[in-house]
Amino acid sequence: MKNILILVTLIFISFDTKANVRTLEIGSLYYQCKPYQNVNFNFEKLSQSDQVKAMLCRTTLIGIVNTGYNLCQSLRWYYKKANDESKKILKGLTSWYANELVESENQLITGFNEWAEKNKHLWQEFVTGISFKRDHMAKNYYCNLK
């Protein structure tokens, strides 16, 4: 139980730290990702400026996916040894922060763009925050602990 509490504390500290980089805001990231999707993910059809934006888009979203996937793997390991009370806590964490690996980068970007378009009220929030991870990633790429 002590290890789980330490893990939970570290997760909340790392996810609540806000970067001062504007590119991590949902709206800004959407404007970086959308031109790439609009050319059907053909990098060569983008202007040099949009190529840089596409790379920022890809690396940001891939980083979020990889973090969520690694967390899912860790939570699975803890889940195997956890008691019933701890298992409830771990299930809660998976529904907020963890995800399975996304096989297609293009699918990831399209999914983000669609989610962002439906959630313009969240555009000033950071993509690394709970909203995107919980409402899109954890729901569409559910981390099964068993």
Side-chain angles (χ1 to χ4, degrees), residues 3-80 82 86-146:
N3 288 338
I4 291 175
L5 290 175
I6 292 170
L7 177 67
V8 171
T9 302
L10 291 174
I11 289 169
F12 282 112
I13 289 170
S14 67
F15 285 108
D16 282 340
T17 303
K18 292 189 176 184
N20 289 324
V21 181
R22 192 161 154 72
T23 58
L24 292 178
E25 289 180 356
I26 292 167
S28 295
L29 187 61
Y30 172 81
Y31 284 117
Q32 292 172 6
C33 294
K34 192 63 178 175
Y36 189 40
Q37 181 185 2
N38 287 343
V39 296
N40 202 27
F41 305 102
N42 186 337
F43 195 73
E44 300 301 320
K45 288 186 177 180
L46 294 170
S47 67
Q48 189 173 11
S49 173
D50 283 342
Q51 286 178 349
V52 171
K53 292 175 185 175
M55 290 304 297
L56 288 170
C57 164
R58 290 178 64 208
T59 56
T60 300
L61 290 174
I62 290 168
I64 291 169
V65 167
N66 289 343
T67 300
Y69 177 72
N70 290 335
L71 177 60
C72 180
Q73 299 306 306
S74 296
L75 293 176
R76 280 186 183 137
W77 182 82
Y78 281 111
Y79 190 83
K80 291 176 186 175
S86 298
K87 285 183 179 184
K88 289 179 187 176
I89 295 168
L90 294 171
K91 284 181 184 179
L93 287 173
T94 61
S95 69
W96 281 43
Y97 294 112
N99 54 264
E100 284 296 332
L101 197 59
V102 180
E103 296 295 322
S104 165
E105 291 176 12
N106 296 350
Q107 177 187 4
L108 172 65
I109 294 168
T110 300
F112 167 76
N113 286 339
E114 290 171 355
W115 179 85
E117 288 167 356
K118 293 176 187 172
N119 293 281
K120 289 184 178 183
H121 63 284
L122 299 173
W123 278 24
Q124 304 249 306
E125 291 188 22
F126 291 98
V127 72
T128 54
I130 294 173
S131 299
F132 175 64
K133 292 176 184 178
R134 178 193 62 210
D135 298 340
H136 180 71
M137 293 306 300
K139 286 183 180 172
N140 292 301
Y141 305 100
Y142 179 72
C143 172
N144 187 354
L145 294 177
K146 296 178 183 180

When you measure from the centre of the six-membered ring of Y36, is the NZ or CZ of K53 under 6.0 Å away and within 45° of the axis?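 That pair does not qualify as a cation-pi contact.
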Nearest 0.5 Å please: distance from the CD atom of E100 over to the SG atom of C143.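 Rounded to the nearest 0.5 Å, the CD-SG separation comes to 5.5 Å.
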Quick one: does any side-chain atom of [X] pair with a main-chain N or O of [Y] as donor and acceptor, under 3.5 Å?
X   : Y   : value
T60 : C57 : no
N42 : E44 : yes
S74 : N70 : yes

For a 4.5 angstrom cut-off between non-hydrogen side-chain atoms, does R134 reach Y97?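 No, their side chains stay 4.5 Å or more apart.
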Carefully, step by step, assess Q73 and W77 under the rule side-chain contact (heavy atoms from CB on, under 4.5 Å). CA-CA 7 Å; Q73 299 306 306; W77 182 82; over 6 Å; no
Minimum heavy-atom distance between [X] and [Y], given as atom pair plus value:
X    : Y   : result
I109 : R58 : CD1-CG, 3.7 Å
I64  : N99 : O-OD1, 4.2 Å
G92  : S95 : O-OG, 2.8 Å
L46  : A54 : CD1-CB, 3.8 Å

Please check if the number of heavy atoms outside F43 that lie under 6.0 Å from its CZ is greater than 12.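 Correct, the count exceeds 12.
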Which atom pairs, donor and acceptor, lie under 3.5 Å between side-chain atoms of residues 110-120 and protein residues at least two apart or in another chain?
from, atom 1, to, atom 2, distance (Å)
T110, OG1, N106, O, 2.9
N113, ND2, Q37, OE1, 2.6
E117, OE2, Y30, OH, 2.6
E117, OE2, K34, NZ, 3.2
N119, ND2, W115, O, 2.7

Determine which pairs satisfy disulfide (SG to SG under 2.5 Å) with at least one residue from residues 93-136, sequence neighbours left out, and list them in order.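 Qualifying pairs: none.
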